Peer 1: 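Structure provided below as structure tokens; questions to follow.
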Amino acid sequence: MRLVVNGTPREADVREHESLLTVLRERLGLPGSKNACEQGECGSCSVLVDGELVCSCLVLAAAADGRRVETVEALGSAERPHPVQRAFVEAGAVQCGFCTPGFVVAAAALLRENPEPTDAEIREALAGNICRCTGYGTILDAVRRAARITT
Amino acid sequence: MSPLRVTKSRDEFEGEIYESTVVVEGRDLAAPRDGAAGDEVGRPRPRVDGRARVTGAAVYTHDLHLAGMLHAAILRSPYARARVKRVDASKAEALPGVRGVLHRFNAPEVEFRQEKALFRDEVRFLGDEVAAVVADSEGLARYALTLIAVEYEVLPHVVDLEEAASPRAPKIDPDGNVHDAGSYTRGDTRRALREAEATIDVTYRTSTQMHNALETHGAVASWDGERLTVWESTQSVFGVRNMLKDALGLAPAQVRVLCEHMGGGFGAKLGTYKYAVIASLFSMRLGRPVRCVLTRREENLAAGNRSATLQRLRLASSGDRITAIEHETWSNSGQGRWAANPTGPTNTLYDVANVSSVAHRVTTNAGALSAFRAPGYVEGTFALESAIDELALRIGVDPLALRRRHARSRTDPRTGNRYSLKRLLDCYTIGAKEIGWSERRAGGTRGSAPHRRRGLGMASQIWGGGGGPPAYATVHFETDGTAVLRVGVQDIGTGTRTAVAQVCADEIGLRLDQVRVRLGDTEAPYGPGSGGSVTLASIGPAVRLAAHDARAKVLRAAAGILEVRAQELRLERGMVVSEGARTPLGDVMKKLDNSTLIGTGLRHPNPDGLALKTFGAHFARVEVDLRTGEIFVEKIVAVHDVGRIVNPLAAASQVQGGIVQALGFALTEERIVDRGLGRVMNANLEWYEIPTAMDVPEIVVRFVGAPDRRANNLGAKGLGEPPIIPAAAAVANAVANATGARVRHAPMTRARVLAALSMAGIA
Ligand code: FES
Ligand code: FES
């Protein structure tokens with residue numbers, strides 16, 4: 001299959017039932033998206049496909065053929081983090097960090113659509129992501145902070 | 001310098017006191033006089049590895065992709081109890097890409113947790129290891145598992161705690177299913193109960209909670225012909241190393257365990273598991289790296305849990321004092337050989353003259369328990385602190401006032417030792433003010449609608465967290481004037497890496513970005529496992545000493561280069577300061593040719609005859625819908641007395657996270673096991689309900705903050721576990737205040753709330 005990942009055209013050999021998550025992590029060297037449940041319940045595998053937020057563990061790799069995929073790796077780097085990434089660090093919204101890429105992608109997607117979300121909208125947008133460490137308070141802070149930076 | 005000597009240290013770990021024999025050298029530093037912040041310690045600092053984690057660059061065990069790496073998968077028993085009579089793996093072995101199969105008839109003898117075999121002849125829970133396959137891909141390995149034919153002889157099983165404890169249950173252990181798990185007495189509770197003016201006799205239950213750290217358990221093992229390197233998502237790199245060397249018959253120096261970033265543990269990764277042995281055996285056999293990572297389902301079957309409990313409490317009072325507490329408990333240990341004793345808080349929290357407690361562990365055909373954040377204390381505090389409120393209601397006393405009367409003692413009632421520091425009363429005062437306790441009304445108040453009631457509740461917390469030796473640190477300088485701190489602990493997400501960097505930077509006089517921390521590697525000097533809230537209080541003081549030593553050496557070196565006396569120099573945020581001159585340390589160090597300056601430090605023993613404890617109190621405001629039984633937690637105020645706070649940003653986040661886990665325990669999280677099949681029905685994140693961002697109340701976090709100067713040279717104690725301990729009881733007490741109904745089973749699901757309301761004649 002061919003797809004555009006983080007702005008670069010890529011090719012990968014894909015087995016029939018493989019998920020987009022498996023292909024990203026194992027074939028394309030992009031382990032930033034995590035696999036914590038493989039059944040669409042935790043959001044740690046969140047990516048954007050043609051700009052739309054999806055759980056990549058639920059997307060058949062074949063279904064992403066010819067699409068544009070953005071992963072956490074594309075949002076920013078340690079030297080030039082995305083405002084959402086910066087806000088997560090500053091707000092202390094990261095503990096073990098395993099959920100963080102998923103939250104960062106979901107939060108970035110939210111702010112792209114809705115740059116000034118209300119508290120309820122933030123919670124709603126992140127309701128599909130599980131964090132077992134932080135208790136979410138600092139994550140909500142981070143998204144509010146990122147909204148302030150970007151607007 | 002005082003010479004090397006061998007000494008004993010007494011430390012508390014997960015509610016038990018252990019004595020260890022340790023080597024000590026040199027003299028300890030005094031703790032800081034007051035709680036004043038340094039340049040780094042005491043200030044909110046984002047994580048030093050934060051950027052790696054938010055960009056996806058941090059490599060977790062799950063993410064490792066080594067050249068030539070193979071994948072192992074485990075076949076697990078579909079029965080709760082059965083004899084494995086025959087295993088035919090020929091079809092799996094014949095599959096192209098399958099590189100090996102292990103099962104009880106071909107696996108080498110391996111000593112694991114006092115058993116001689118990796119694969120049991122009698123599997124004892126649904127999920128017990130039966131066989132393992134290694135193959136070119138994970139998908140192939142999992143497919144090959146389906147080709148293994150196993151002949152089982154199914155045996156009678158029992159999975160439920162109360163069923164297993166009954167005399168009619170099938171005996172799973174030859175000597176019966178109920179075992180002693182500790183007892184304690186002081187005074188004479190029988191007499192106090194007889195002579196009491198008021199008594200209560202109540203039974204509580206708590207369900208099995210599952211850890212569900214987001215990164216499931218897993219390891220990658222790589223054997224190079226001489227040495228085994230294992231990357232594992234673990235809370236104790238040294239614990240894994242010690243288990244593997246024993247299981248595989250290797251020398252300590254032949255096994256290196258690494259854990260740079262790990263995706264959460266909460267106690268379940270403090271233990272060691274068979275998957276690491278399986279990956280290692282395959283790697284040693286095939287000479288290629290082998291990865292073995294559990295699925296979410298396996299995680300919920302075979303990687304630990306918080307035991308369900310049944311607890312009976314009898315309390316007596318005369319006048320305005322509690323005169324006796326009797327507490328008897330039964331815990332579902334599954335196939336575990338220990339119990340997380342729920343009676344710890346009963347034995348130590350309050351100044352009550354007569355106490356007796358008995359704990360039992362009950363064997364069932366379910367996965368073994370493992371430590372789960374304040375094991376035993378969460379379950380025990382839910383029952384004890386609910387019962388204290390029930391007694392307060394019975395005798396018509398404000399529950400906070402009743403607790404105050406029994407919280408003044410300055411000595412640990414169990415040992416008679418003085419507390420190094422105890423500020424529980426301050427926790428009460430701060431929390432009561434913050435929640436508005438004075439507005440609490442007996443019977444609660446009207447909620448936001450006529451069918452909704454609002455109430456306030458609170459509960460107290462006690463825990464260890466004093467840490468202790470052995471723990472070591474080294475600091476060496478690079479020639480650019482930056483420091484590398486090496487410790488044998490791991491950062492399981494709590495922020496250990498950042499906290500030790502702060503301690504090191506302040507002690508030397510460097511900026512935080514001039515300290516690099518290397519951890520999660522058994523090549524470092526020994527560091528403890530991250531459990532029992534001991535990490536910072538154990539390693540922090542050693543780091544301080546190592547940094548102190550390194551600083552003295554670097555100042556002497558700088559003095560030699562600058563041709564001044566060392567006493568005339570200071571280090572301030574990376575600058576060498578002498579009278580009138582400030583030179584970057586890097587400029588000075590550059591003049592040295594390839595010299596290495598190393599400072600070393602170790603954790604000194606805990607003071608004799610002192611009890612090191614952490615205290616706290618949670619206050620909850622809830623609203624309860626009398627028609628649906630739904631509990632809405634509106635606000636939690638958490639006040640903790642854990643000594644000095646090294647990083648307020650990380651500490652507050654730790655408390656919030658603990659509270660939300662406690663709310664899961666209190667309201668929704670519950671393993672459901674089908675009794676007939678012995679099968680966990682919600683071994684996934686869909687039906688096992690972990691709180692999400694939608695469920696989080698307003699949380700106010702406060703610290704007393706006074707350094708515990710007698711505890712150790714940092715004045716800090718542990719904070720990992722305290723915040724999960726009292727929240728469930730605080731909520732239960734608030735629900736009782738709001739509605740007049742007492743829910744005695746956690747989680748307090750709607751069904752249980754409705755049942756309690758109807759018992760109380762309300763709904
Ligand atoms: S891994 Fe995709 S939602 Fe959990
Ligand atoms: S930070 Fe660990 S799961 Fe969110």
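Per chain, numbering begins at 1; letters A, B, ... match sequence-line order. The basis for the numbers below is simple: all heavy atoms, side chains too, and nothing from hydrogens, waters or symmetry mates. These numbers were taken from a predicted model, which means no experiment stands behind them.
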Peer 1: Where the side chain of Tyr136(A) meets the backbone of Pro691(B), is there a donor-acceptor pair that is under 3.5 Å apart?
Peer 2: yes
Peer 1: With only heavy atoms counted, which part of Met694(B) is less than 4.5 Å from chain A, the side chain, the backbone, both or neither?
Peer 2: both
Peer 1: Of the listed residues (Glu26(A), Arg15(A), Glu38(A)), which shares the most heavy-atom pairs with chain B below a 4.5 Å separation?
Peer 2: Glu26(A)
Peer 1: Hey, is the main chain of Gly264(B) close enough, under 3.5 Å, to the side chain of Arg132(A) for a donor-acceptor pair?
Peer 2: no
Peer 1: Can you tell me how far apart OH (Tyr688(B)) and SG (Cys37(A)) are? Round to the nearest 0.5 Å.
Peer 2: 15.0 Å
Peer 1: Between atom SG of Cys96(A) and atom OH of Tyr60(B), what is the distance when rounded to the nearest 0.5 Å?
Peer 2: 5.5 Å
Peer 1: In the structure I gave you, are the side-chain heavy atoms of Phe88(A) and Arg53(B) within less than 4.5 Å of one another anywhere?
Peer 2: no
Peer 1: Using side-chain contact (heavy atoms from CB on, under 4.5 Å), reason through Thr692(B) and Arg123(A) one step at a time and then give a plain yes or no.
Peer 2: CA-CA 9 Å; Thr692(B) 72; Arg123(A) 286 178 191 247; over 6 Å; no
Peer 1: Can you find a pair of side-chain heavy atoms, one from Gln95(A) and one from Ser653(B), that are under 4.5 Å apart?
Peer 2: yes
Peer 1: Against chain A, work out which of Val660(B), Asp695(B), Leu685(B), Ile492(B) has the most heavy-atom pairs shorter than 4.5 Å and name it.
Peer 2: Leu685(B)
Peer 1: Does a side-chain heavy-atom distance below 4.5 Å link Gln656(B) with Thr138(A)?
Peer 2: yes
Peer 1: Of all of Ala36(A), Ala93(A), Ser33(A), which one pairs up most often with chain B through heavy atoms under 4.5 Å apart?
Peer 2: Ala36(A)
Peer 1: Would you call Ile130(A) and Leu214(B) a side-chain contact if the rule is heavy atoms closer than 4.5 Å?
Peer 2: yes
Peer 1: Is the Phe98(A)-His261(B) ring centre distance short of 6.0 angstrom?
Peer 2: no
Peer 1: When you compare the side chain of Arg25(A) with that of His65(B), does any pair of heavy atoms fall below 4.5 Å?
Peer 2: no
Peer 1: Under a 4.5 Å heavy-atom cut-off, does chain B meet the side chain of Val104(A), its backbone, both or neither?
Peer 2: side chain
Peer 1: A side-chain contact here means heavy atoms from C-beta on lying under 4.5 Å apart; do His62(B) and Lys34(A) qualify?
Peer 2: no
Peer 1: Could you tell me which portion of Thr295(B) (side chain, backbone, both or neither) has an atom closer than 4.5 angstrom to a non-hydrogen atom of chain A?
Peer 2: neither
Peer 1: Quick one: which of Glu698(B), Glu669(B), Arg45(B) has the most heavy-atom pairs under 4.5 Å with chain A, could you say?
Peer 2: Glu669(B)
Peer 1: Roughly how far, to the nearest 0.5 Å, is SG of Cys99(A) from CD of Glu215(B)?
Peer 2: 12.0 Å
Peer 1: For a quick check under 3.5 Å, do Thr55(B) and Glu73(A) share a side-chain donor-acceptor pair by atom type?
Peer 2: no
